[in-house]
Every structure is written in structure tokens, then in C-alpha cells.
Visitor: 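Starting off with a structure, shown below.
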Amino acid sequence: MRRVLLVNTNVEKAPYPVPPLGLCLLAAGLKDRFEVKVYDGVFDEGRNLVAIVSQFNPDFVGFSIRNIDDVVMDRAIFYMDDILKKFIHPVRAVTKVPVILGGSGFSIFPVELMKLTGADYGIVGEAEDILPVLLESLQNHLDISEIPNLVTSKSMEIQRGTGFSSIKPVSARFSDIDRWIDFSPYLNKGVYSVQTKRGCAHKCIYCTYPLIEGRKFRTRTPTDIADEIEHVHKRLGYITFEFVDSTFNDPKGHAESICREIIRRNIKVRLRTMGINPRHCSEELFELMIRAGFIQIDATPDSASPCVLKRLDKGFDLPEIEDMARMISKFNIPTMWFFLFGGPGESEETFFETLDFIDKYINPADLVYMNAGLRVYPNTPLYSIACMEGRIAPGQSVFQPPLYYYSGEITKNRLDQLIREASRARHNCMHALETAPSPEMISEALEMRKTQHSEEPMFRTLLKIRAKWKKLGKI
Ligand code: B12
């Protein structure tokens, strides 16, 4: 059997380390036809990679490129330098076998990354179907020019348009992450990632999710999802699972069905999710989520200004966000709120509309994260707006340096100042640039959790300490 080494090049550990779900799904799909190994770079950061290549002697090496930059304009972490230095260059130095790229970051900037890395092939979007076909074709010297979503170092173009298998149902396969990699370092601070669907039918003007996953929701069955969680739960015990969908409660009814299936089976797990869509919230949904085991959610309305919401094409309105906030408070679901200032139409007035919402509706025990500047990605409506406004020339690359969009109605400095003032005055609001909590704050939080036997999410304990320290004038 030919050997395939799949390498996770993501070493970011903030806000917490994320296991390589996509790579493990690929490994699961290849394992009957190839001998597969997954190298997880999150904690090892490339140290043992060359030794593994020498030992395993792969016929193909696949690199997953997830993060390109951190999307925080004034911090501007560019991950690619490390990815080249710690992973791609060392491997290239010891083997001449074909190198294949993929991953969400790669899917946004395929041509730029092919050029930067000198890789032989790349696959845009999901690759469970395409990667085995590519590897078998290469192995048997077959024609690869008909393989969709493939980029080659020769053509530097995505074959047959930019689409991907967006009409295909999502495979029922389990990722079995903990069987492919050493999951123990994730047990403390990390989560076990699960997807309940792929695709996003929303049209938020800056977002890449529909480009990466397709524009239609393609759901897995609640039975499959509960089966997966139940299997992993049996192996790893009482751990936290995180749903990594674009938005969890879309299409309407899917989230409810998943929760019902978990409740019916009486699986005792901790659950959390990103993206709750205000449009499809209901008391029934929150009640089911709590009964199923949700301990934390993210709410990402981006703005609470009616004008900005429209300009961002969020697909929901202020009354719906207000309703969602009321339900979150009523059910006291620990929530991290995310606001993104500076999009088209943002002004001083719209900033204060959002701040007013925060003050009136958000539970002070919950965290509010405030970022400014919208990362512009290719093939998004925001890219076209930036072109129309003369900020970039049509076709101009926004890969590196990244382009951030700021509304013409307020300066970047003023917006930054407003965010800083707002977060200084509120213990639960954080500017995106605020660094991780100090070791002193963390140790006080750990002590508080121990004495109070608290199982609340860590961010809530940290907010209590922040409130106390603010009162004492310590911060
Ligand atoms: C969920 C998510 C999060 C969650 C992660 C939770 C978790 N438990 O994993 C949270 C909120 C924590 C998060 C944080 C961040 N995220 Co995020 N996240 C996502 C999201 C929505 C989904 C990722 C995912 O799990 N997909 C599901 C799996 C199955 O898909 P996959 O890994 O992409 O794999 C498939 C394909 O890509 C392909 N593939 C993957 N690898 C390979 C390799 C080869 C060789 C091949 C051929 C194919 C291939 O096949 C796989 C199976 O089909 C993506 C956007 C998106 N829709 O992709 C952004 C995304 C990856 N995040 C992004 C960013 C920037 C970040 C942060 C840096 C933000 C920040 N400053 O905090 C951090 C980094 C965190 C970290 N430790 O790495 C960006 C990256 C782009 C960029 N600008 O660099 C994305 C693309 C969103 C965006 N802005 O466009 N994120």
C-alpha cells in the first residue's frame, strides 16, 4: 500500500488549541486504500516531523493550511512564515514526493499559496472525495485534468471553476480524531470538534464560509451526529464537544433535532457551539440546548445598528437580536458575544447604537469581544465594495499584506478610541487587542473555582475577577 502523511501545520493555541478535524476526516476516508499517518503540529510544532518523514517514508505528503492571519489588524500575525519554516521547507529538504495542500485558509487563497509554498497540487474546499481520486491518479499515472477543484503547480488555476461538491450530502464518516492523533493535550483546554452540516446559505458581505463550504446547508442526520458523540464519549469520557458549523441553528429545526437525539440517548457530555443565528432562536431551542448539555455558546451578531446590519447583509434585524439576548439571559446560557465594528455604514452614531444594545441587553456575566476592521477576502461582496470605492484595483491580491475595511464615515483611530473607552468602562467588554489574562489573574480564577466548586466556563470566572480588580483600581 502507498503511504500518505497528512500534516497539520496549525500551531495557534489561542483562544484554545483546535484539533485537526478536516485532516482526520480525510485520513478516515483514505485508510482502506492507503497507509495513512496524521502528524499533528499543534503542540510538537514541527520538532519531530523530519524524523517521522524519514521513518514513515511517505509516497505523498499533504499539508493542511487553516490559518493565514489572525484577522486582528493591529496585531497582524501572519502564520505562513512559520508554516514554511517549521513544516514545508524541512519536509521538502528530505523528500521529493508530491506535496498537496488543502484546508480552509488554502481554499481562500489557493493560487497565492501554491506560489508561496512551491507545492505540486492543491485542493480547494472539502476533499474527502477528491483527494483519493488525485492520489490514485498520480499513483497510476492517469490524467488529472478533469479532477474538480484541483490546482496544479503547472496550471495555477482552479480546475472547472471555483465550485466544489456543494450538492453532495455530507459524508456520514466519523473523524475519530483521538485515534489519529494524541488527543491527551486537548483534554485540558481544548475541545472535540464535530460538524453537524456543511455550507452556509447566508450572505454576510465579508464572509468566506460559503466559499469554503458551499452556499447550501447540507446536513448530517441527527442519528449520525449523536452516534459520533456517543462513540467518542465512550472512549474519552465526560469531555467537551464543540460544533464547528457556520451557524449551529440553521437550517431551522436541525439543531433542535440534534439536541432531542442527544437527550433521548441520555448522553452526558458538555457541548458548546459557535454562531447562533438570531433569526432561528426560540425558547424551545434554548431549553433543548440546556437539556442536551450546552454549557456555552457564541453569539456573533457583529453589530446592533439597524443600518450596519443591513449593510453587512446579516439576514436578521435588531428586534431578533434583542429577542435572542432576552432568551440568553432568561436561560442564563454563558455566552461570548462578538461585535465587529467598522463595516460599511459604520459611524459614531451606529457605534453607540451597538453599545446601547450591549448595555441594555447583554448579561454583565457574559463576555463581549469588540474588534474593528473587516478582513477583506477575495470573491466576497466586500471585496467588490472595496474595488468600487477605489481602495483596491479589481483583481488585486489581498493575501499579504491583508486588506482591512474601515467605513469612510469614522476614522480608524476614533473607532479604536471608542472601543477602548467602552471596554475600559465595562468589566465584561474586551478590545480585540487585549492580551490573554495574566498568570496572576488566572491563578486567582483557579482558586475561586476551587473554593466555590464552580463548573462555570472559565471566561465567567475571569470576568468576576476583572470586575473585582476594576473596583480595586488594579486594572
Ligand atoms: C470553527 C472555526 C473556528 C473555531 C474552532 C473551534 C474548533 N473546535 O475547531 C474557533 C472559534 C475557536 C476559531 C478560531 C480561530 N479561527 Co476559525 N474557523 C472556524 C471555521 C468556521 C471552521 C473550521 C472547521 O473546523 N471546519 C470543518 C473541517 C471539517 O473542515 P476543514 O478543516 O477545512 O477540512 C476540510 C477541507 O478544508 C479540506 N482539507 C483540510 N486540510 C486539508 C489538507 C489537504 C492536504 C487537503 C487536500 C485538503 C484539506 O478537507 C477537509 C475535509 O473536507 C473556519 C471557516 C470555515 N468554514 O472553514 C474558520 C477559519 C478557519 N478561522 C479563521 C481564523 C482566522 C481563526 C482565528 C485565527 C481567529 C482568531 N484571531 O482567534 C482562530 C484560530 C484558532 C486556532 N487555535 O487555530 C479563518 C482562517 C482564514 C485566515 N484569515 O487565516 C477561517 C477560514 C474563517 C475566516 N475568517 O474566513 N475558528
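None of the values given here were measured: they were computed from a predicted structure. All heavy atoms count here, side chains included; hydrogens, waters and symmetry mates do not. Whatever order the structure lists ligands and atoms in, that order sets their numbers, starting from 1.
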Visitor: Between Y405 and E389, is any side-chain donor less than 3.5 angstrom from a side-chain acceptor?
Guide: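 Yes, E389 and Y405 have a side-chain donor paired with an acceptor closer than 3.5 Å.
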Visitor: Please tabulate, one pair per line, all N/O donor-acceptor pairs under 3.5 Å involving side-chain atoms of residues 105-114, not counting sequence neighbours.
Guide:
{"residue": "S107", "atom": "OG", "partner": "G103", "partner atom": "O", "Å": "2.7"}
{"residue": "S107", "atom": "OG", "partner": "G125", "partner atom": "N", "Å": "2.9"}
{"residue": "E112", "atom": "OE2", "partner": "S397", "partner atom": "OG", "Å": "3.1"}

Visitor: Between E434 and R466, does any side-chain N to carboxylate O distance fall below 4.0 Å?
Guide: yes
Visitor: Between E228 and R220, does at least one N-O distance fall below 4.0 Å, as a salt bridge requires?
Guide: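 Salt bridge: yes.
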Visitor: Hey, could you give me each pair passing ring-ring contact (aromatic ring centres under 6.0 Å, His included) that has a residue in residues 178-208? Not counting sequence neighbours.
Guide: F43-Y186, F183-Y186, F183-Y192, Y192-F241, H202-F217
Visitor: Below 3.5 Å, can you tabulate the donor-acceptor pairs from side chains in residues 67-75 to any protein atom, sequence neighbours excluded?
Guide:
{"residue": "N67", "atom": "ND2", "partner": "N10", "partner atom": "OD1", "Å": "3.3"}
{"residue": "D69", "atom": "OD2", "partner": "R375", "partner atom": "NE", "Å": "3.1"}
{"residue": "D69", "atom": "OD2", "partner": "R375", "partner atom": "NH2", "Å": "2.7"}
{"residue": "D70", "atom": "OD1", "partner": "V72", "partner atom": "N", "Å": "3.3"}
{"residue": "D70", "atom": "OD1", "partner": "I77", "partner atom": "N", "Å": "3.2"}
{"residue": "D70", "atom": "OD2", "partner": "R75", "partner atom": "NE", "Å": "3.0"}
{"residue": "D74", "atom": "OD1", "partner": "K412", "partner atom": "NZ", "Å": "3.2"}
{"residue": "D74", "atom": "OD2", "partner": "K412", "partner atom": "NZ", "Å": "2.8"}

Visitor: Kindly tell me which protein residues have any non-hydrogen atom under 4.0 angstrom away from an atom of ligand 1, grouped by chain and ordered by number?
Guide: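 Near ligand 1, by chain and number: N10, E12, A14, P15, Y16, V18, L21, G22, L23, L25, L26, G62, F63, S64, R66, N67, I68, D69, D70, V71, Y79, I100, L101, G102, G103, S104, I108, I123, G125, E126, A127, E128, V191, S193, Q195, R198, T208, Y209, I212, E213, E242, V244, M274, Y377.
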